[in-house]
S.K.: 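Structure below; questions to follow.
All chains are named by letter (A, B, ...) in the order of the sequence lines, taking the proteins before the strands, and each is independently numbered beginning at 1. Excluded from the calculations below are hydrogen atoms, water molecules and symmetry mates; all remaining heavy atoms, backbone and side chain alike, are included.
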Amino acid sequence: MNPNPKDKLAYDETFTCIQCGTCLPACPTYKTMGTETQSPRGRINLVKMAAEGKISLDELKDPIDLCLGCRACETACPTNVPYGVILESAKLALHEHNRPSQSRMEVFKENLFYNHVFPRKKVMSTGAGLLWFYQKSGVRRLVEKTGLLNSLPESLATFERTLPAATAPVRRRRRPKRLEPQQAPRYKVGFFTGCIMDALFDRINDLGMRLLVLGGCTVVAADGQTCCGALHLHGGRDDQARELARKNIEVFEQEAFDYVVNTAGGCGALLHEYPALFADDPEWQIRAQSFADHTIDISVLLARLDLPFNKEIRKRATYQPSCHMTNVQKVRDEPRQLIRRIKGIDFRELHDPNFCCGSAGIYNVVQFDESMKILDVKMADVKSRDPELIVTTNPGCLLQMKAGIEREGLQDRMQALHLVELLAEACGLEKR
Amino acid sequence: MVLKTEIVQQLRRIIKPGRILTKEADLVSYGYDASFGFYKPDVVLQVKNENEVSAVMKLANQLRIPVTPRGQASSLSGGPLPVKGGMVLDFSQWSKSLKIDSEDLVAVVSPGVITADLDDAAARYGLMYPPDPGSSHFSTIGGNLAENSGGPRCLKYGVTKDYVIGLKVVTPQGEVIRTGGRTVKNVTGYDLTKLIVGSEGTLGIITEATLRLLPRPLSTQTMMLTFDHFVDSGKTVTRILTSGILPAKVEMMDQASIRAVEAYQPQNLPVDAEAILLIELDGHPAAVADEAERIRSLAKAMAARSVKIAHSSEEARKLWKARKLVSPAIASKKPTKISEDATVPRSKIAEFCHRLQEIRNTYKIDLVVFGHVGDGNLHPNIICDKRNREEMKRVQKAIEEIFHAAIDLGGTLSGEHGIGTMKRAYMPWELSPVELDMMKRIKLAWDPNNILNPSKIFPAPDRSWCCRNEPESERQTRL
């Protein structure tokens, strides 16, 4: 179809960069890796050079793979360079470029992952079921005792320890899809469950729904919704991301919702950017725009509701904002306002809260070493604030911060949790 | 290629391999700055101490390899471009040493320190480092020293060179020397310190600097003055400065900037006004309050349409936001932004602005004027598209006219960005052959083999383009 992957590069967009360097201090990989090549300005220049044929796409691969995609550079940029667009275009071009050289087994594994795992609720749910079995049956203890864990690659072993307790498959199936408040509903809310959130953190989704109901909303976890598509897009598979987007838009069009709420900063960011996926499809772009206009992070809506914060929580807490929430959704204040409203909380802002934690989708698994260097910078900041709670708003950040606590050996004095869990406790919904 | 491997081997004995960059992706990442032009180095060395710099310079001098020092490359003049290839010395990873001596009122810093960090550190002692270039949050102090950077506060406090009292420098032949010291007064011998500062990395490589700090003013006050007529704004600046008040900053936005900001992100600015002045006063709170009132009545007498005084830091932030938005606002119109810094004597500001309007009309270019009007350092910004050759020809002519106008009015080619590659063709317009020759002889004395940041400052006969990407034709050496 496309003879040259190079043509996929967002060449015109690279000219919006005036190469001033304002983005340098905002970039986590520039900080940890220390070369211009691993900076936003450097990567934009490389994309331009590759588009002009001055360097090969192979030269582009490393710097693009090592970018977290946190987009802190976009927030810092004085001339509003659309870095996200440039980055995605490079991923797409690299994906096209590398395809012919992939072995059949690699293609098979990738397709399995992208086509059959993330978009499929059942598969994800089976995976979560297996995780539950693994955690409850004693296999985990066996694995730990035999030291089998140590034979896993370090990246997987690190995150195995941080996985939350999975919900039993029976309970999972019994979960209500529609919840009504006691009083006349203030808003009707569609609940976007997400794939990883739903499989691993369904408890957070449950609590999120119940908080919204407590605040006076009708909440519907619409049937048929699927993965947001962010991982596909970041993997250079824009066709699949579009397919998933269409499905989600259709599902939430079936009822008139005041808001479509999500509990994952990363997913929320892509939901907000759905219109950009349909740049060449006006009809779908309008539908995507309407969907995006209704999409908000759960913290934004919760901050507008009157939640009964009736339980005092006397803890020192800090907040690790999700990059995609800060830099793409531009949600900064609401989570902090909510935390501060809880009685007894001693809120401590990080010195550099907008520095990425290094999670970034599956970056922490595929680029484990670089991710850990970034996490080390983050944890030094965290330790200087000495919190008992690290509050997050995205599953990736949550797992990463848990890994950070493990890495520093701080399990006995520090705990990472999702904002929803903290609010649920403060509202007396559930003890953590 | 054999030679190249051999040299890299020698460099490995000086610098750890992880800090010697030779991959193609790395090399093309150190070939640009915030100006025009792209030149690929042959190797990038991330130096971390004086011994490394000294050893590299000895090797480079012996083998006649060009060396270009580089901070974080926010330069607008082409200073850190490796025009002749060779080695780029990247100072951004030099471990940052920053010592404040509050008794001597000095700071001793390593070249990789970020400028704003220095001012923040001084603030903890109730002190300040006055120079505040727009890039201070990401530029290195080494780069600031080399280019003699300015900023809005220069109106009251002067530029970088006014705060440097001592340096450690590696010469092009690899020797380490000290200049100046740590006393405010020091008249021993030639003032090599001032010679090195602003020499754009052509005479020596700064490895340590002793900088003068001032007591931090107790308070600041921001105000915004709006004018129906541009000329009135210029006259008002003169009136303020001759009435016994010296503001820290006086920034100007012309009508084109006001309209651009309003179209981009409305701030309730009057789009029919011809100019806005933003003023920051600093000093004792009582003095500052009194000065603000005096400026208010003075501005009213000078036909200012309105005068706003900020009553809180939040209000002050909002007033400055308009100025901050000029860059993104104009950059959203077309991709290429050329920021000039031709400077005129203060009394000629109004006339300079008039000439700029004429240039805008003659060459049909998108020209926006804003900048540090208080010290005559305006920033005529041209918004264009460097892919459009026809437009760029007009832009080039317009820039030359701007330089002509500035020099005609008794001004200078550059107020704070430096000459670099961008303005070297025009040096003979401002300096006589004898003056240029004196400078060249100084360069020759310091760097007889012309290896340190060659092709900067001094005019080359065939270089008349400043805003077009030049080919790599000047390269002479390959490692």
Side-chain angles (χ1 to χ4, degrees), chain A residues 10-27 29-67 73-82 90 351-352, chain B residues 18-19 21 23-38 40 44 46 48 70-76 80 88 90 92-94 112 114 116-117 134-135 137-140 143 264-265 324-339 381 383 385-387:
Chain A
Y11 179 58
D12 284 341
E13 284 78 358
T14 62
F15 281 88
T16 56
C17 174
I18 56 169
Q19 300 189 327
C20 61
T22 314
C23 55
L24 296 175
C27 177
T29 57
Y30 179 69
K31 186 178 176 100
T32 54
M33 300 171 76
T35 63
E36 179 81 22
T37 323
Q38 303 296 348
S39 77
R41 179 172 67 171
R43 291 179 176 121
I44 293 166
N45 175 62
L46 288 171
V47 168
K48 186 195 274 178
M49 301 282 269
E52 289 173 355
K54 289 179 182 155
I55 60 167
S56 70
L57 279 169
D58 295 319
E59 299 284 349
L60 196 59
K61 190 175 183 318
D62 256 6
I64 292 299
D65 282 350
L66 287 166
C67 173
C73 50
E74 278 186 34
T75 299
C77 180
T79 58
N80 296 334
V81 174
H351 171 67
D352 190 6
Chain B
R19 292 190 274 116
L21 314 180
K23 274 195 274 184
E24 187 70 9
D26 286 323
L27 297 181
V28 298
S29 298
Y30 288 83
Y32 56 80
D33 65 354
S35 73
F36 281 76
F38 170 80
K40 204 171 77 174
V44 177
Q46 300 193 293
K48 287 200 162 180
R70 182 187 189 274
Q72 294 215 108
S74 56
S75 170
L76 288 159
V88 161
D90 175 18
S92 63
Q93 302 306 311
W94 189 302
I114 302 296
D117 291 347
S135 57
H137 287 276
F138 48 95
S139 59
T140 62
Y264 174 72
Q265 210 183 95
K324 286 221 170 80
L325 283 172
V326 175
S327 274
I330 60 180
S332 62
K333 289 181 17 188
K334 279 183 198 172
T336 310
K337 179 172 169 288
I338 301 172
S339 179
N381 269 242
I383 311 307
D385 185 342
K386 67 176 164 193
R387 288 164 291 185

S.K.: Tell me the closest heavy-atom pair linking B:K386 and A:F15, and the distance in Å.
M.R.: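 Here B:K386 and A:F15 meet closest at CE-CE2, 3.9 Å.
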
S.K.: What closest approach, in Å, do B:Y32 and A:E36 show between heavy atoms, and which atom pair accounts for it?
M.R.: OH-OE2, 2.7 Å

S.K.: Which atoms of A:R43 come close to chain B, meaning under 4.5 Å heavy atom to heavy atom: side chain ones, backbone ones, both, or neither?
M.R.: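 Nothing of A:R43, per the 4.5 Å heavy-atom cut-off to chain B.
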
S.K.: Is A:K48 close to chain B through its backbone or its side chain, or both, or neither, when contacts mean heavy atoms under 4.5 Å?
M.R.: side chain

S.K.: Who among A:L60, A:I55, A:T37 has the most heavy-atom pairs with chain B under 4.5 Å?
M.R.: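 Of A:L60, A:I55, A:T37, A:T37 has the most heavy-atom pairs under 4.5 Å with chain B.
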
S.K.: Where on B:R19 is there a heavy atom nearer than 4.5 Å to chain A: the side chain, the backbone, both, or neither?
M.R.: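 Contact with chain A: none, neither part.
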
S.K.: Could you look at A:I18 and say if it's the side chain, the backbone, both or neither that has a heavy atom under 4.5 Å from chain B?
M.R.: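 When you check distances to chain B, atoms from both the backbone and side chain of A:I18 fall under 4.5 Å.
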
S.K.: Which value, rounded to the nearest 0.5 Å, describes the distance between A:M49 atom CE and B:K40 atom NZ?
M.R.: 7.5 Å

S.K.: Examine whether an atom of A:D62 lies under 4.5 Å from a heavy atom of chain B, and if so say whether it belongs to the side chain, the backbone or both; otherwise answer neither.
M.R.: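 Side chain only.
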
S.K.: Rounded to the nearest 0.5 Å, what separates atom CG in B:D26 from atom CD in A:Q38?
M.R.: 7.5 Å

S.K.: Heavy-atom cut-off 4.5 Å, strictly under: side chain, backbone, both or neither for B:E24 against chain A?
M.R.: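 Contact with chain A is through both the backbone and side chain of B:E24.
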
S.K.: Taking all atoms of both residues into account, what is the closest heavy-atom pair of B:P328 and A:P78, and its distance?
M.R.: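 It is CB-O, 2.7 Å.
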
S.K.: Relative to chain B, which of A:T79, A:T16, A:N45, A:V81 shows the most heavy atom pairs under 4.5 Å?
M.R.: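 Highest number of pairs under 4.5 Å: A:N45.
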
S.K.: Can you say whether B:D385 sits under 4.5 Å from chain A via the side chain, the backbone, both, or neither, judging by heavy atoms?
M.R.: neither

S.K.: How long is the straight-line distance from CD of B:Q72 back to OG1 of A:T22, given to the nearest 0.5 Å?
M.R.: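 It comes to 10.5 Å.
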
S.K.: Looking at A:P25, A:G42, A:G34, A:C77, which one has more heavy-atom pairs under 4.5 Å with chain B than the rest?
M.R.: A:G34

S.K.: Calculate, to the nearest 0.5 Å, the distance between atoms OG and CZ belonging to A:S39 and B:F138 respectively.
M.R.: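 So the OG of A:S39 and the CZ of B:F138 are separated by 12.0 Å.
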
S.K.: Examine whether an atom of B:L21 lies under 4.5 Å from a heavy atom of chain A, and if so say whether it belongs to the side chain, the backbone or both; otherwise answer neither.
M.R.: side chain

S.K.: Kindly check if the number of other-residue, nucleotide or ligand heavy atoms within 6.0 Å of NZ (A:K61) is above 12?
M.R.: no

S.K.: Is B:S74 close to chain A through its backbone or its side chain, or both, or neither, when contacts mean heavy atoms under 4.5 Å?
M.R.: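 Both parts, backbone and side chain.
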
